Number of protein chains: 2
Amino acid sequence: MNELAEIKEDFVTQWGALGSQWGVNRTMAMIHALLLVSPKALTTDDIMLELSVSRGNANTNLRELVSWGLIRQIVIKGERKDHYEAEKDTWKIFCIVARERKRRETEPASKVLSHCIDRSKKIKSAEGKELHQQLTALNDFVDLANTIMEKVASKEQSALLPKVLKLLA
Amino acid sequence: MNELAEIKEDFVTQWGALGSQWGVNRTMAMIHALLLVSPKALTTDDIMLELSVSRGNANTNLRELVSWGLIRQIVIKGERKDHYEAEKDTWKIFCIVARERKRRETEPASKVLSHCIDRSKKIKSAEGKELHQQLTALNDFVDLANTIMEKVASKEQSALLPKVLKLLA
DNA sequence: TTAGGTTTTCAGAAAATACTGAAAATATAA
DNA sequence: TTATATTTTCAGTATTTTCTGAAAACCTAA
């Protein structure tokens with residue numbers, strides 16, 4: 001194997017191992033990495049071969065990646081098999097990940113908190129007030145995080161980055 | 001069980017279920033939630049009883065929470081057992097979570113990318129250049145996220161929030 | 001010391017998650 | 001339509017993660 005292929009393989013493998021820390025399974029992370037560094041679109045069979053995974057596994061994770069918007073199906077004239085290519089624009093990738101995390105992390109948390117806050121409103125004891133206050137403080141924060149992710153992910157990169165850097169100066 | 005206790009129990013249970021989405025195991029999330037809404041510090045036995053978990057499980061997760069800085073051990077005069085209480089300041093909680101995510105997510109990613117970028121520098125082919133460029137773009141982004149988390153988490157809440165809100169207006 | 005109380009560790013069990021492979025469903029060409 | 005290629009589904013299996021419970025280690029008071 002040539003050096004280039006070795007580096008790619010190394011990247012794909014290690015990125016897959018990182019996946020679990022990011023809340024995605026190994027295969028999904030590896031497929032994403034593979035497509036990110038592939039100059040051309042790949043078929044399910046290409047991916048099965050390259051990563052040594054089953055057809056079912058490849059299929060499931062390809063569909064999941066498509067549903068996230070991290071990869072897309074493309075049609076190649078004269079070919080029957082589906083081909084997949086990754087979104088390579090890093091800002092778009094960032095926006096997609098931010099949106100997904102909001103959906104999976106902060107929104108459910110806010111839902112749980114809101115529900116409990118609602119119920120705690122009625123409690124008049126000092127301890128009840130304290131609970132209400134603590135949950136509300138948490139929820140305000142989670143909502144703020146929600147709003148920030150929402151807004152950031154919907155902006156153009158060029159409009160935002162200079163401002164962020166200035167803010168942190 | 002009175003209404004207040006019910007609400008707390010509900011919160012603890014549901015927060016625990018959310019934990020997995022945040023990359024924390026259920027018990028750790030539940031212990032954290034329990035201490036967050038507990039007006040007084042609790043012992044390992046209190047927690048075992050309240051959450052129906054084993055001593056080993058409680059002990060391990062309490063230690064993990066302490067190591068994150070989300071809870072602390074406190075000594076109560078005349079008592080032999082360790083007592084634990086949660087950090088309740090939401091901004092501090094946010095900073096801790098941000099720091100930990102940086103450590104577990106963006107730093108390892110950056111490490112993998114840097115290493116591959118280093119190796120890809122040598123490759124002279126067009127495809128090699130393309131790989132190098134793609135990995136670099138990814139790494140720039142991950143590093144930026146790193147820097148932002150770092151800076152945000154080290155600032156006072158009062159200094160930062162107004163600016164963030166203005167930025168997103 | 002030492003005896004009893006408390007915490008830590010860790011091997012094995014249980015639960016949750018991910019993967020395989022083959023059958024079923026679907027799509028396309030002849 | 002029929003034959004063939006391709007994709008999807010899912011029951012069963014494998015792997016990983018989490019949890020238990022009891023033994024070992026560690027404290028503290030007497």
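Here the structure is a predicted model, which is why all the values come from computation and not from measurement. Labels below follow one simple rule: chain letters A, B, ... track the order of the sequence lines, proteins then strands, and each chain is numbered from 1.
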A:E3 meets the side-chain hydrogen bond (donor to acceptor under 3.5 Å, both in side chains) criterion, sequence neighbours left out, with none

A:E127: which residues meet the side chain to side chain contact (heavy atoms under 4.5 Å, CB included) condition with it, sequence neighbours left out? A:S125, B:L4, B:K8, B:P39

Counterpart residues, salt bridge (charged side-chain N to carboxylate O under 4.0 Å, His left out), relative to A:R103 (two or more places apart): A:E100

A:E50 meets the salt bridge (charged side-chain N to carboxylate O under 4.0 Å, His left out) criterion, sequence neighbours left out, with none

Whichever hydrophobic residues join A:L165 through chains of side-chain contacts under 4.5 Å: A:W91, A:F94, A:F141, A:L144, A:I148, A:V152, A:L160, A:L161, A:V164, A:L167, A:L168, B:W91, B:F94, B:F141, B:L144, B:I148, B:V152, B:L160, B:L161, B:V164, B:L165, B:L167, B:L168

Side-chain donor-acceptor pair under 3.5 Å between B:N139 and B:S110, yes or no? yes

Apply side chain to side chain contact (heavy atoms under 4.5 Å, CB included) to B:S54 and list each qualifying residue two or more places apart in sequence or on a separate chain. B:N57

Could you list the residues that satisfy salt bridge (charged side-chain N to carboxylate O under 4.0 Å, His left out) with B:E9, not counting sequence neighbours? none

Which letters describe nucleotides 24-30 of chain D, given B = protein heavy atom under 4.0 Å from base, S = only from sugar-phosphate, - = neither? ---BS--

Divergence of helical axes at both termini of the helix from C:dT1-D:dA30 to C:dA30-D:dT1 - five pairs an end, 10° steps: 20°

Who are the side chain to side chain contact (heavy atoms under 4.5 Å, CB included) partners of B:D45, not counting sequence neighbours? B:T43, B:M48, B:R55, B:K81

Tell me every residue that passes salt bridge (charged side-chain N to carboxylate O under 4.0 Å, His left out) with A:E130, counting only those two or more places apart in sequence or in another chain. none

Distance, rounded to the nearest Å, where A:K81 contributes NZ and C:dT28 contributes C1': 15 Å

Could you run down nucleotides 8-23 of chain C 5' to 3' and tag each one B, S or - for protein heavy-atom contact under 4.0 Å? BB--------SSBB--

Specify the separation, in whole Å, of atom CG of B:L62 and atom P of C:dT7. 10 Å

Length of the CG-C1' vector between A:L42 and D:dT6, whole Å: 17 Å

